[in-house]
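Have a look at the structure below, then the notes.
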Amino acid sequence: MQMLYPFRGSIQQYIEQVESIGEADRYRPASCPQCGSKLPLVSHGFYRRTVVDLDSDCVIRVRRFVCRACRRTVSLLPEFVLPYLRFTIRVISAFLKARLLLEHTLIAAAGAAQQAGMPYQRGQQWVRRFRRQAESLSAALSALVRPVAAADFVKRAIQMLEATGWIPAHRFLFEQLRQHLLGWPKFLAPAGFAVRIRKATHCSGLSPHNICSDSESPSA
């Protein structure tokens with residue numbers, strides 16, 4: 001499961017700070033967000049992930065903790081990135097604003113996001129995912145900013161994100177509603193939890209027509 005690391009600086013500043021002395025204690029979750037245990041989580045190292053920003057492409061380390069009760073991990077994802085996407089919110093917001101609000105071509109929108117040569121399919125995927133989210137985003141963001149008049153929910157959502165700020169909006173949506181700006185990937189259940197299905201034969205006492213499922217939280 002991911003929680004947000006409340007970091008406001010640049011990517012380079014994040015890289016320098018995330019491993020600094022005392023950083024683990026400063027942001028250590030006081031309880032498990034998955035099982036509710038009140039035992040402080042234990043440091044569990046880092047994992048690496050790539051991050052592509054407007055002017056950089058680098059690898060960052062994401063701090064992890066593990067719950068002593070349920071043994072599941074929690075990662076502190078910096079708030080300038082979205083779960084399961086390697087592009088920063090700055091890149092995605094620049095592209096979506098250019099494509100959906102200003103109605104630029106896909107090539108021009110990629111240029112506005114400083115991603116010249118970006119595959120056509122990637123841009124189309126971002127657009128499709130955002131369109132599916134637009135109405136629910138508009139409703140959710142009304143808690144932060146007054147809804148604006150717009151031709152459709154897509155333009156309304158983008159204007160509300162612009163008014164709120166994309167990263168503050170992401171912080172609110174993720175922490176308060178467990179909502180993803182582009183929607184959770186298909187392999188994840190609602191609220192960002194993956195579901196692993198086991199064969200019925202592995203489940204003692206169940207008929208062959210039943211299945212067992214359990215939740216796990218992959219890193220991102």
Side-chain angles (χ1 to χ4, degrees), residues 2-15 48-60 62 75-141 144-145 148 150 152-188 192 218-220:
Q2 306 89 18
M3 296 178 67
L4 291 186
Y5 177 90
F7 188 78
R8 309 291 196 273
S10 66
I11 294 177
Q12 185 57 43
Q13 289 172 326
Y14 169 81
I15 292 172
R48 296 177 180 271
R49 59 163 289 169
T50 57
V51 171
V52 179
D53 197 21
L54 293 173
D55 53 5
S56 64
D57 186 340
C58 60
V59 175
I60 65 171
V62 177
S75 57
L76 292 187
L77 198 64
E79 60 184 21
F80 50 77
V81 297
L82 288 166
Y84 302 96
L85 289 170
R86 64 191 183 96
F87 293 86
T88 65
I89 293 177
R90 291 206 306 164
V91 171
I92 294 171
S93 62
F95 175 85
L96 292 176
K97 179 181 177 181
R99 177 62 177 154
L100 297 175
L101 185 62
L102 304 179
E103 300 184 348
H104 291 175
T105 65
L106 279 168
I107 293 176
Q114 299 185 31
Q115 299 299 311
M118 184 176 78
Y120 174 88
Q121 294 85 348
R122 180 181 298 147
Q124 286 289 69
Q125 183 187 56
W126 289 356
V127 167
R128 284 195 300 270
R129 290 178 64 175
F130 188 83
R131 285 187 185 279
R132 287 197 295 265
Q133 288 283 97
E135 184 173 358
S136 62
L137 286 175
S138 298
L141 292 172
L144 300 179
V145 64
V148 299
D152 52 50
F153 282 115
V154 171
K155 287 184 171 57
R156 175 178 294 176
I158 290 179
Q159 290 183 70
M160 293 175 75
L161 285 163
E162 286 285 301
T164 305
W166 287 71
I167 291 179
H170 159 60
R171 189 185 313 132
F172 166 76
L173 293 167
F174 191 89
E175 292 182 340
Q176 303 299 320
L177 305 177
R178 196 66 183 171
Q179 187 170 351
H180 194 295
L181 268 175
L182 293 187
W184 292 105
K186 291 181 179 179
F187 63 85
L188 292 179
S219 300

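Just so you know, residue 1 is the first one in the sequence shown, and it goes up from there. Hydrogens, waters and symmetry mates are skipped; everything else that's a heavy atom, side chains included, is used.
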Closest heavy-atom pair and its distance - [X], [Y]:
X: Gln179; Y: Ser136; result: NE2-OG, 3.2 Å
X: Ala110; Y: Phe95; result: N-CD1, 3.7 Å
X: Leu54; Y: Ala113; result: CD2-O, 3.3 Å
X: Leu101; Y: Gln159; result: CD1-CG, 4.0 Å
X: Gly165; Y: Pro168; result: O-CD, 3.3 Å
X: Ala94; Y: Ala112; result: CB-O, 4.0 Å

Taking the side chain as every heavy atom from C-beta outward, state whether [X] and [Y] have any pair of such atoms under 4.5 Å apart.
X: Val154; Y: Glu135; result: no
X: Arg49; Y: Leu77; result: yes
X: Arg48; Y: Ile60; result: no
X: Phe87; Y: Asp57; result: no
X: Glu175; Y: Leu4; result: yes
X: Arg86; Y: Val51; result: no
X: Phe153; Y: Arg131; result: no
X: Ser75; Y: Met3; result: no

- Task: Please report the C-alpha distance between Leu76 and Phe7 in whole Å, then the side-chain angles of each, then the deciding distance to 0.1 Å, and finally whether the side chain to side chain contact (heavy atoms under 4.5 Å, CB included) criterion is met.
- Result: CA-CA 10 Å; Leu76 292 187; Phe7 188 78; over 6 Å; no

- Query: Would the number of heavy atoms belonging to other residues, nucleotides or ligands and lying under 6.0 Å from CD1 of Ile107 be above 12?
  - Reply: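 Atom CD1 in Ile107 is not crowded, with 12 or fewer foreign heavy atoms closer than 6.0 Å.
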
About how many Å separate [atom2] of [Y] and [atom1] of [X], when rounded to the nearest 0.5 Å?
X: Leu141; Y: Arg156; atom1: CG; atom2: CZ; result: 11.5 Å
X: Ile167; Y: Arg8; atom1: CD1; atom2: CZ; result: 9.0 Å
X: Ser93; Y: His170; atom1: OG; atom2: NE2; result: 11.5 Å
X: Ile92; Y: Leu82; atom1: CD1; atom2: CG; result: 5.0 Å
X: Leu181; Y: Leu161; atom1: CG; atom2: CG; result: 6.0 Å
X: Ser56; Y: Gln12; atom1: OG; atom2: CD; result: 9.0 Å

- side chain to side chain contact (heavy atoms under 4.5 Å, CB included) partners of Ala108, counting only residues at least two apart: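 Ala108: side chain to side chain contact (heavy atoms under 4.5 Å, CB included) contacts with His104, Thr105.
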
- Item | Stepwise side chain to side chain contact (heavy atoms under 4.5 Å, CB included) test for Phe172 and Thr164 | CA-CA 10 Å; Phe172 166 76; Thr164 305; over 6 Å; no

- CA sep, side-chain torsions, deciding dist, call: Ile89, Val81, side chain to side chain contact (heavy atoms under 4.5 Å, CB included): CA-CA 6 Å; Ile89 293 177; Val81 297; 6.0 Å; no

- Determine whether the side chains of Gln2 and Tyr84 contain a donor N or O and an acceptor N or O closer than 3.5 Å.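 There is such a pair (donor and acceptor under 3.5 Å, judged by atom type) between the side chains of Gln2 and Tyr84.
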
- Message: Using 30° and 60° as the class boundaries, would you call the ring planes of Trp184 and Phe174 parallel, tilted or perpendicular?
- Response: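 Trp184 and Phe174: tilted rings.
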
- Message: Please tell me whether Tyr5 and Phe80 form a close aromatic pair, meaning their ring centres lie under 6.0 Å apart.
- Response: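 No: the rings miss the under 6.0 Å criterion.
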
- Residue pairs involving residues 95-123 (criterion salt bridge (charged side-chain N to carboxylate O under 4.0 Å, His left out); sequence neighbours excluded):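 Residue pairs passing salt bridge (charged side-chain N to carboxylate O under 4.0 Å, His left out), neighbours aside: Lys97-Glu162, Glu103-Lys155.
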
- Query: Run the side chain to side chain contact (heavy atoms under 4.5 Å, CB included) check on Tyr14 and Glu79 step by step: do they pass?
  - Reply: CA-CA 11 Å; Tyr14 169 81; Glu79 60 184 21; over 6 Å; no

